Amino acid sequence: MHDHKQDELSLQRQKKLATIRELGYECYPHKYEPTHTIPQILAEYSSRPAEELEEQRATVRVAGRVMTIRPHGKAGFAHVAGGGKRLQVYVRLDAVGERAFELYQLLDLGDVIGVEGYLFRTRTGELTIHASRLDFLAKSLLPLPEKWHGLADLEIRHRQRYLDLMVNDEARQVFERRSAVVRALRAFLDSEGYIEVETPMMQPIPGGALARPFITHHNALDLDLYLRVAPELYLKRLLVGGFDRVYEINRNFRNEGISTQHNPEFTMLEFYQCYADYLDLMDLTERLLRHVAQSVLGKLEFEFEGRALSFQQFRRMTMKEAIVEYWPAAATSRPRVEDFSDPRAVFRWVEAYNQAAQEPIALGADTPAGLALQELFETVAEDRLIQPTFVLDYPLEVSPLSKQKADDPNFVERFELYIGGMEVANAFSELNDPQEQRDRFNYQQMLREKGDLSAHAIDEDYIRALSYGMPPAGGEGVGVDRLTMLLTNSPSIRDVILFPLLRPEKTA
RNA sequence: GGGCCGGUAGCUCAAUGGUAGAGCACUGCCCUUUUAAGGCAGGGGUUCUGGGUUCGAGUCCCAGCCGGCUCACCA
């Protein structure tokens, strides 16, 4: 980079590398054959007493990155890291010979080496490999971050995730756990008779969610394509085709702001089940999340942002009930659920909220009542829904793909699951009436023409697919990144995405 | 995009407007069971960038760059 000093440290290491080559070591050998990984060594030998190790003197070979070096004249120690664990290495001149000992003395923190030797315990009892042979496997030409404090600078941790993973054990654990979350999701759905599918990431008509898409272009077809905002419409085409239970875990792309809860590309689990409705999905979701927590954490209680969360209980309340329950104490008048029976009444309550609020809700001139109700809910209740809570019955206007409630056509059979103040899942009884779907699309088209860039586009083939008859079905999306945040106690979505989007680094 | 906060050695961090420092890392020497090894001696800075105020700026002011938090956008 542009630092003079780093060039100097790097130059020193370049020189050492040349010296290592002069000793007859290959600098970047093609392979090495360890007998064990470091975690395997620890698992197999950690419990064995010193005498037993001494009797056996079994020879092993391990490889890893040098993390500490403590020379003691004609002997010395080092720690080698691999698989998230460390193993101590003891190198004596009289055991490895002059050439290997010279290599040991030339090692820098960060170098990758192979060690052959037998396991023993030092005076302090630490399991250690007594080296009989050293192999050089790769050079670290750049200096590692500080060995004790690790790497704290968030920008470097995100831009150079490999460094973060190398020196911050917690970072590694977060991503190991993320992998376990995804594995558990798959295992659960597989066991429920779902099949995993893959549908287009590049779509000619972006659908399935109300969000602004990224646009790209296919040269050979001279065709504008959109990175998908959701896989929904394709997954439901599969229900029409006869796959009764499908799921997909993959990336969605939304051209929106970046925050601690939003990354432009994020991972969504979507699943669809024929002959089920949104009530069935609530039950399924509880079982799914308990399964994930149990298999990832081994328990249903855990801490998030300093608060104890539990997957033992999932509350259920309607959007209206949530507004009433979490209505700010400071406000003068207080609504009851019945007060929202007339859809237009919501505007009075937005007004009432604004009078007591520091940050009033700003609504456009012709905001539909349903959108106003959702705004009110999000402002009043969303960040106070800490324990798992299903919020059900969403306004029709904000739900173009959901089936209406039988007893109230202004609302749809839909829920969102909130945990830790975040929307974690969104599900509904799928609208399968092609005529009604066309009406909903037309309404969205009207919004689009008024300038709402996130309104849903009309997808004629989707209507055609519904016209062949789609079984009644329930469908759901689960934010995998946010779920991982919860289960790793991470305050930001960037902590659970290996390479979150950042502005490109300035080149000097 | 708005508001607030931050950017000092490779890393973690100090430094009333008055000589830019420590620990780790690095270099040399000593040390054959240490473990934040130890001892002795050293090297290393465009204080994010560019202006301004001042006798004097890491410090104060302005602009920009990058980041964090937050609000908005997002449903």
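Model, not experiment: these values are computed from the prediction. Chain A is the first sequence line, chain B the second, and so forth, proteins listed ahead of strands; every chain is numbered from 1.
G6(B) and G64(B): their C1' atoms are spaced 16 Å apart (whole Å). When the C1' atom is compared between C55(B) and G17(B), the two are found 12 Å apart, to the nearest whole Å. Comparing the C1' positions of A9(B) and A14(B) gives a spacing of 13 Å, expressed to the nearest Å. If you take atom C1' in U70(B) and the same atom in U53(B), they sit 32 Å apart, rounded to whole Å. C13(B) and G18(B) have their C1' atoms separated by 23 Å, given to the nearest Å. Nucleotides U46(B) and G42(B), compared at atom C1', are 24 Å apart to the nearest Å. Between the P atoms of C60(B) and U34(B), the separation comes to 49 Å (whole Å). Taking atom P in both A63(B) and C71(B), the straight-line distance is 25 Å, to the nearest Å.
Here Phe314(A) and Tyr418(A) keep their ring centres 6.0 angstrom or further from each other. Aromatic rings from Tyr278(A) and Phe428(A) are positioned such that their centres are separated by 6.0 Å or more. Ring-centre distance between Phe214(A) and Tyr226(A): not below the 6.0 Å cut-off.
We find that CZ of Arg13(A) is positioned 19 Å from P of G44(B), with the value rounded to whole Å. What separates CG of Leu17(A) from P of C26(B) is a distance of 16 Å, to the nearest Å. Atom NE2 of His262(A) is separated from atom P of A72(B) by 11 Å (rounded to the nearest Å). Spacing between atom CG of Leu141(A) and atom P of G10(B) amounts to 17 Å, rounded to whole angstrom units. Note: CD (Glu54(A)) to P (U33(B)) measures 15 Å, nearest angstrom. The interatomic distance linking Gln105(A) (CD) with C26(B) (C1') rounds to 16 Å, in whole Å. Between Leu163(A) atom CG and U12(B) atom P the separation is 10 Å, expressed in whole Å. Rounded to whole Å, the distance from CD1 on Ile258(A) to P on U70(B) is 14 Å.
You'll find that the side chain of Gln12(A) is closest to U27(B), out of G10(B), U34(B), U27(B). When distances are taken from the side chain of Leu151(A) to each of C26(B), C13(B), C11(B), the shortest belongs to C11(B). Checked against U32(B), U34(B), C66(B), the side chain of Tyr90(A) finds its nearest nucleotide in U32(B). Listed candidates were U12(B), G43(B), U27(B). Nearest to the side chain of Glu8(A) is G43(B). Minimum atom distance to the side chain of Arg123(A) is reached by U33(B), of the listed C11(B), U33(B), U27(B). Of the listed nucleotides (U12(B), G43(B), U33(B)), U33(B) has the atom at the smallest distance from the side chain of Phe120(A). Of the candidate nucleotides C69(B), A37(B), U33(B), A37(B) has the atom nearest to the side chain of His72(A). Distance from the side chain of Glu126(A) is smallest for U34(B) among the nucleotides U34(B), C66(B), C26(B). Closest to the Pro71(A) side chain, of the nucleotides U33(B), C31(B), U12(B), is C31(B). Side chain of Pro145(A), nearest nucleotide from C31(B), U12(B), C11(B): C11(B).
Both tests hold for Arg99(A) against Tyr25(A): distance to the six-membered ring centre under 6.0 Å, angle to the ring axis within 45°. In this structure, Arg414(A) forms a cation-pi arrangement with Tyr394(A), its terminal cationic atom sitting closer than 6.0 Å to the ring centre and no more than 45° off the ring axis. Remark: Arg57(A) is positioned above the aromatic ring of Tyr118(A), its terminal NZ or CZ atom under 6.0 angstrom from the ring centre and at most 45 degrees off the axis.
The minimum heavy-atom distance linking Ala131(A) with Val91(A) is given by the pair CB-CG2, 4.3 Å.
Remark: the Gln160(A) side chain and the Asp164(A) side chain contain no N/O donor-acceptor pair separated by less than 3.5 Å. In this model, a donor atom of one side chain and an acceptor atom of the other lie less than 3.5 Å apart for Glu476(A) and Thr285(A). With hydrogens and angles left out, the side-chain atoms of Glu430(A) and Ser402(A) include no donor and acceptor closer than 3.5 Å. Remark: the Ser140(A) side chain and the Arg65(A) side chain contain no N/O donor-acceptor pair separated by less than 3.5 Å.
No option in Phe377(A), Trp349(A), Phe340(A) other than Trp349(A) meets the ring pair (Phe, Tyr, Trp, His ring centres under 6.0 Å) test with Trp327(A). Of the residues Arg178(A), Arg494(A), Gln261(A), the one that meets the side-chain hydrogen bond (donor to acceptor under 3.5 Å, both in side chains) test with Asp481(A) is Arg178(A).
One finds a side-chain N or O of Thr260(A) lying less than 4.0 angstrom from the OP1 or OP2 phosphate oxygen of U70(B). Neither OP1 nor OP2 of U33(B) sits under 4.0 Å from any side-chain N or O of Arg92(A). Phosphate proximity of G68(B) to Arg494(A): present, with a side-chain N or O under 4.0 Å from OP1 or OP2. When the side-chain nitrogen and oxygen atoms of Arg70(A) are compared with OP1 and OP2 of C31(B), none of them lie within a distance under 4.0 Å.
Backbone-only contact: Gly150(A) has heavy atoms under 4.0 Å from sugar-phosphate atoms and none from a base. When heavy atoms are screened at a 4.0 angstrom cut-off, Asp153(A) is found touching the sugar-phosphate backbone but no base atom. Here Ser454(A) lies in heavy-atom contact (under 4.0 Å) with sugar-phosphate atoms only. If you check every strand for non-hydrogen atoms under 4.0 Å, Glu423(A) touches nothing. No contact: Lys15(A) has no heavy atom under 4.0 Å from any strand. Among the heavy atoms of the strands, none lies under 4.0 Å from Arg254(A). At the heavy-atom level, Leu144(A) lies nowhere under 4.0 Å from the strands shown. Among the heavy atoms of the strands, none lies under 4.0 Å from Ser140(A).
Here Arg212(A) pairs with nothing under the side chain to side chain donor-acceptor pair (under 3.5 Å) rule; sequence neighbours left out.
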Short N/O separations, protein against nucleotides 21-24 of chain B, under 3.5 angstrom:
| unit_1 | atom_1 | unit_2 | atom_2 | d |
| --- | --- | --- | --- | --- |
| G23(B) | N2 | Glu146(A) | OE2 | 3.3 |

Please write out the pairs of protein N or O atoms and N or O atoms of nucleotides 2-6 of chain B separated by less than 3.5 Å, giving the distance to one decimal.
none

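With both pairing distances under 3.5 Å, G58(B) is matched to nothing as a Watson-Crick or G-U wobble pair. As the counterpart of G67(B), C5(B) is assigned, both hydrogen-bonding distances of the Watson-Crick or G-U wobble pattern falling under 3.5 Å. The partner of C26(B), taking Watson-Crick or G-U wobble pairs whose two distances both stay under 3.5 Å, is G42(B).
In this model, a side-chain donor or acceptor of Gln88(A) finds a partner on the base of U34(B) within 3.5 Å.
Each of His130(A) and Asp108(A) was matched to the nucleotide of RNA chain B holding its nearest heavy atom; the match closer to the 5' end belongs to Asp108(A).
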